[in-house]
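Here the structure comes first, spelled out in structure tokens, and everything after it is commentary.
Bear in mind that the values here come from a model prediction, so they are computed numbers and not experimental data.
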Amino acid sequence: MKQAIFLVTTIQGIRKPTFLKQLLSLISDDYQIVVLLAMTDFDEIWQAEREIKLLRLRADLDGVRTISLADVYADHDGVALKNSDYLTTDVSNLASHDSHSGKLKVSRYVDHDGNIVAETLFAEDETRLHTIFFDKNSRIIQINNYDHQDHLFGIEKFTDNFLEESLLLNAKSDLIFRFTNYVSPLKSSFAIASTSVIPLPQELTVIAGQKNDAAQKLYEGQGQTIVTKAISYSDYHRYDDINAFYHQVLMNMDIEGVRTYLDINDIVDASKYLPGKRIFNY
């Protein structure tokens, strides 16, 4: 049977109209489809699963199977987590206050000073989706992510609300991958016609050396981008580009002869790691 795999790296990809359009097109052509939720922001996974559940209410997606990185690497060897790898805050002795976020229950745990130390979000069947830990200034410092069997599969660590590290665990709760995020400067160039009536953003500066009577002028702006690197604790391979890691994931899944679909925003960066392979986008 014909097969296709969708590599999803952000929840925004699932929300694109083209995502559902491509799924339906393949289903009508009798493809078996796997949607791999490969985001390293693990807290997006339960949200992505709910987005796909909503899509199933709109269309017949019986030929679509959803898996995550935790499923792919569940049986791979790893190393034991160290106490320094994550917080082990005990909330069992704290006062619990329950409320609801839509249809989902939220339990917030409060210390003796009235500070919210942590909060747990539960699915409809009362299994945990995640537990968020806060510092005394109510900033997120860690998120523990759980699968449908209430098993901890991913730990996210934050500094000043910035996701610095994500730890992927196997079925034995050993550490399989460490994903580390870095902020990197990004310079962008823009060509703007001299007749443009759109106000020029203040952060853009004109590039020197251009003719005053040119039909368009070139501007540049300074920004930031997030670079994600990975370390494998199965073979201690280092990935300085997250797309190199995604390439290895696909290789582990044996995608020979399988149609591969990537978010169009990822095509340019990812394609260099899949030489000679035809890639589709959504």
Side-chain angles (χ1 to χ4, degrees), residues 1-76 147-148 153-154 166 168 170-171 176-177 179 226-230 232 234-235 237 239-282:
M1 190 173 187
K2 295 178 291 186
Q3 296 177 308
I5 183 169
F6 283 68
L7 180 70
V8 178
T9 59
T10 66
I11 196 170
Q12 286 76 20
I14 292 176
R15 292 170 177 164
K16 290 183 175 182
T18 48
F19 178 76
L20 178 58
K21 181 180 178 180
Q22 292 284 23
L23 286 181
L24 294 176
S25 176
L26 291 169
I27 289 172
S28 66
D29 203 15
D30 294 325
Y31 271 81
Q32 283 186 335
I33 303 167
V34 171
V35 176
L36 172 58
L37 303 179
M39 50 275 284
T40 57
D41 180 351
F42 301 137
D43 198 44
E44 286 193 345
I45 292 177
W46 70 268
Q47 301 174 62
E49 290 175 338
R50 299 184 90 78
E51 293 280 346
I52 293 176
K53 185 177 180 180
L54 292 175
L55 292 180
R56 292 184 188 276
L57 295 176
R58 294 169 49 192
D60 182 6
L61 302 182
D62 285 345
V64 177
R65 184 165 66 98
T66 303
I67 62 174
S68 69
L69 291 176
D71 298 317
V72 175
Y73 291 100
D75 297 326
H76 284 235
D147 62 19
H148 299 289
F153 75 86
S166 300
L168 181 67
N170 65 12
I176 294 292
F177 285 98
F179 303 98
I226 305 299
V227 175
T228 303
K229 301 184 180 183
S232 167
S234 296
D235 58 10
H237 191 87
Y239 301 90
D240 287 331
D241 187 322
I242 189 62
N243 291 292
F245 165 74
Y246 287 142
H247 168 66
Q248 186 59 50
V249 173
L250 294 175
M251 295 298 291
N252 285 340
M253 297 181 68
D254 188 16
I255 60 168
E256 188 65 34
V258 178
R259 270 200 181 195
T260 305
Y261 283 78
L262 304 179
D263 191 318
I264 194 171
N265 296 333
D266 297 333
I267 286 289
V268 173
D269 292 333
S271 59
K272 62 185 177 182
Y273 292 99
L274 296 169
K277 182 168 183 61
R278 190 177 181 191
I279 302 172
F280 300 85
N281 64 64
Y282 59 86

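Between Asp241 and Lys272, some side-chain heavy-atom pair lies under the 4.5 Å cut-off. Between Phe6 and Leu26, some side-chain heavy-atom pair lies under the 4.5 Å cut-off. Within the 4.5 Å cutoff, no side-chain heavy atoms of Asn265 are placed close to those of Gln12. Looking at Thr10 and Met39, their side chains never come closer than 4.5 Å, going by heavy atoms from C-beta outward.
Heavy-atom contacts from other residues, nucleotides or ligands closer than 6.0 Å to CD1 of Ile264 number 12 or fewer. Within 6.0 Å of the NZ atom in Lys16, the count of heavy atoms belonging to other residues, nucleotides or ligands exceeds 12.
Here the closest heavy-atom approach between residue Leu262 and residue Ala270 is recorded as CD1-CB, 3.7 Å. Between His76 and Asn252, the shortest heavy-atom contact is CE1-ND2, 4.3 Å. Contact detail for Met253 and Val34: the closest heavy-atom pair is CE-CG1, 4.4 Å. Between Leu168 and Tyr73, the shortest heavy-atom contact is CD2-CD1, 4.3 Å. Here the shortest heavy-atom pairing between Ser232 and Asp235 reads OG-OD1, 2.9 Å.
Gln22 places a side-chain N or O within 3.5 Å of a backbone atom of Asn281 that can act as its donor or acceptor partner. One N or O on the side chain of Ser166 and one on the backbone of Thr40 form a donor-acceptor pair closer than 3.5 Å.
The aromatic rings of His237 and Tyr239 lie tilted to each other, with the angle between the two planes from 30° to 60°.
Of the inter-residue distances, the one linking Tyr261 atom OH with Ile5 atom CD1 reads 12.5 Å to the nearest 0.5 angstrom. In this structure, Asp41 CG and Thr9 OG1 are separated by 11.0 Å, a value rounded to the nearest 0.5 Å. Between Phe19 atom CZ and Glu51 atom CD the span is 10.0 Å, to the nearest 0.5 Å. We find the CZ-CG distance between Phe42 and Leu37 to be 12.0 Å, quoted to the nearest 0.5 Å. Going from atom CZ of Phe153 over to atom CG of Leu69 covers 9.0 Å, rounded to the nearest 0.5 Å. Between the OG1 atom in Thr66 and the CD1 atom in Ile45 there is a gap of 11.5 Å [rounded to 0.5 Å].
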query: Should Tyr246 and Asp266 be marked as a side-chain hydrogen bond (donor to acceptor under 3.5 Å, both in side chains) after you check the CA-CA gap, both sets of side-chain angles, and the distance that decides it?
result: CA-CA 11 Å; Tyr246 287 142; Asp266 297 333; over 6 Å; no
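The side-chain contact (heavy atoms from CB on, under 4.5 Å) test with Ile14 is passed by exactly one of Leu20, Asp263, Val8, Leu54: Val8.
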Distance-only check: which donor-acceptor pairs under 3.5 Å involve side-chain atoms of residues 55-63, not counting sequence neighbours?
from  : atom 1 : to    : atom 2 : distance (Å)
Arg56 : NH1    : Leu61 : O      : 2.8
Arg56 : NH2    : Val64 : O      : 3.0
Asp60 : OD1    : Asp62 : N      : 3.2

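Checked by atom type, the side-chain pair Glu49/His148 shows a donor-acceptor distance below 3.5 Å.
Listed by chain and number, the residues in a side chain to side chain contact (heavy atoms under 4.5 Å, CB included) with Ser25 amount to none (sequence neighbours excluded). When the salt bridge (Lys or Arg N to Asp or Glu O under 4.0 Å) test is applied to Lys2, the partners found at least two apart in sequence or on another chain are Asp29.
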